[in-house]
Amino acid sequence: MRFVDEYRDAGKARALAARVAALCEPGRAYKFMEVCGGHTHTIYKHGLEDYLPPQITLVHGPGCPVCVIPMGRVDDAIAIAEQPDVIMTSFGDMMRVPGGNGSFLDAMARGADIRMVYSPLDALKIARDNPDKRVVFLAIGFETTAPSTAMTVMRAATERIGNFSVFCNHVTIVPAIKAILDSPDLRLDGFIGPGHVSAVIGCRPYGFIAEDYGKPLVVAGFEPLDVLQAVHRNLQQLAEGRVEIENQYGRVVPWDGNPKALAVINEVMELRPTFEWRGLGFISDSALSVRERYAGFDAERVFRIPGARVADPKACQCGEVLKGVLKPWECKVFGTACTPETPIGTCMVSSEGACAAYYNFGRFSRDRVREATRT
């Protein structure tokens, strides 16, 4: 299949890995952050660490939209769902995310009407079909999914479907990366930039990473050779004394992003003054809310919401994992009390979560058992 098979060629991967190794300075350790959870799954699904020299470490970043939602926002969503005549709708990833008052599945067991949908338009159809109910869509995700939420709100306004609203939890990637760079806990040599987000916002917003912090970033696709090439380009910049933003994923990502998608987001949403992120705390201008002109479709205005703040379980170290400070296997409960069947933290729940990737692909410790290869 074009754009898949050629990006999974083992021979090309070995050749690229040799070029990566040749660029490494003897005795120097390198640490690159893959911002997006999709990259983390590619790395461990395809065993890309085994193609890299030991002096290169890849660490996970805050690019999993489910993982960064704080427990208090989950409790707020449950509080909405448990009000009379409410149908809460959500993507499947959110159904098992634990809050202080349990998960959506727990709320369903208590009698709440919570339904999984594949698109906000599915939620709008439920509202259209149930005019006597108040239907809420729990909107999550980075700029990748914000356009579909915004378009749905615009359609609801056009069709005058007044019993539909969104509980907006969309976050933005740039302030989170800046928070990582400002953190004293982590020293990074460069970034593998998120592909899906960049398809919407483009590459230009990352310019501050090179200009203000002196770090390279390479926006990458999600196939094995994409990720290896992003590592190679980061190393090439460091070897040549360059610090730039590069676009490896040019077959999908325009340099200036998608202007129509950005216009739709801007029409319906605006930046919040501040928003709480799991592990990163409150970050200014890092999330979106519904504009006043669409106030009737904003669940935070339609419903009384507790605005709960809930601390993570003491045993859970998702916050450190999201900042790249810890590898999942360094968490005390990883793979024991916390598994995909019994998750304690969001990083084990989400399909893009780092802990889920490490668990599902057998990374339970620092030491790796390399697979035998045929000669």
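Numbering starts at 1 and runs along the sequence shown. Remember, predicted model here, so these are calculated numbers, not experimental data.
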Checklist outcome for this item: All heavy atoms of Pro98 vs all of Pro343, minimum pair found to be CG-O, 4.4 Å
Item to check | Evaluation steps, side chain to side chain contact (heavy atoms under 4.5 Å, CB included), between Thr172 and Leu288 | outcome: CA-CA 8 Å; Thr172 57; Leu288 301 171; 4.2 Å; yes
Item to check | Side chain to side chain, Tyr30 and Asn234, heavy atoms closer than 4.5 Å | outcome: no
Item to check | Partners passing side chain to side chain donor-acceptor pair (under 3.5 Å) against Thr342 (at least two apart in sequence or in another chain) | outcome: Thr339
Item to check | Under the side chain to side chain donor-acceptor pair (under 3.5 Å) test, residues paired with Ser286 that sit two or more places apart | outcome: Trp277
Next on the checklist: Cys67: which residues meet the disulfide bond (SG atoms under 2.5 Å apart) condition with it, sequence neighbours left out?
Outcome noted: Cys64
Item to check | Residues that Ala112 engages under side chain to side chain contact (heavy atoms under 4.5 Å, CB included), provided they are two or more places apart | outcome: Ala81, Glu82, Ala107, Ile114
Item to check | Distance-only side-chain donor-acceptor flag, Asp106 / Ser103, under 3.5 Å | outcome: yes
Checklist entry - Sub-3.5 Å donor-acceptor pair from the side chain of Glu143 to the main-chain atoms of Ala261, do we have one? => result no
Checklist entry - For atom CE of Met151, is the number of surrounding heavy atoms from other residues, nucleotides or ligands below 6.0 Å larger than 12? => result no
Checklist outcome for this item: The side chain to side chain contact (heavy atoms under 4.5 Å, CB included) partners of Cys318 (sequence neighbours excluded) come to Arg278, Cys316, Thr346, Cys347
Only pairs under 3.5 Å count here: list side-chain donor-acceptor contacts from residues 319-328, not counting sequence neighbours, and write none if there are none.
| residue | atom | partner | partner atom | Å |
| --- | --- | --- | --- | --- |
| Lys327 | NZ | Tyr44 | OH | 3.3 |
| Lys327 | NZ | Leu58 | O | 2.4 |
| Lys327 | NZ | Tyr358 | OH | 3.0 |

Next on the checklist: Per the ring-ring contact (aromatic ring centres under 6.0 Å, His included) rule, what does the pair list look like for residues 65-94, sequence neighbours excluded?
Outcome noted: Phe91-Phe137
Next on the checklist: Enumerate the side chain to side chain donor-acceptor pair (under 3.5 Å) contacts for residues 192-208, please, sequence neighbours excluded, ordered by first and then second residue.
Outcome noted: Ser198-Tyr206, Arg204-Asp256
Checklist entry - Taking only residues at least two apart or on different chains, which pairs with a member in residues 287-326 satisfy ring-ring contact (aromatic ring centres under 6.0 Å, His included)? => result none
Checklist entry - Pick from His232, Glu246, Lys215: which one makes a side-chain hydrogen bond (donor to acceptor under 3.5 Å, both in side chains) with Gln237? => result Glu246
Validation: residues 9-29 side-chain donor-acceptor distances under 3.5 Å, sequence neighbours left out:
| residue | atom | partner | partner atom | Å |
| --- | --- | --- | --- | --- |
| Asp9 | OD1 | Gly11 | N | 2.9 |
| Asp9 | OD1 | Lys12 | N | 2.9 |
| Arg28 | NH2 | Asp189 | OD1 | 3.2 |

Checklist entry - Do Asp76 and Pro306 have side chains that get closer than 4.5 Å, going by heavy atoms? => result yes
Next on the checklist: With a 4.0 Å cut-off on N to O distance, would you call Glu267 and Arg293 a salt bridge?
Outcome noted: yes
Item to check | side chain to side chain donor-acceptor pair (under 3.5 Å) pairs, two or more places apart, involving residues 53-75 | outcome: Thr40-His60, Arg73-Asn169, Arg73-Glu300
Checklist entry - Among pairs that include at least one residue of residues 145-159, which meet side chain to side chain donor-acceptor pair (under 3.5 Å), considering only residues two or more places apart or in two chains? => result Arg128-Glu159, Thr149-His170
Checklist entry - Are any side-chain N or O atoms of Asp226 and backbone N or O atoms of Tyr249, one a donor and one an acceptor, separated by less than 3.5 Å? => result no
Item to check | Arg291 side chain vs Asn266 backbone, donor-acceptor pair below 3.5 Å | outcome: yes
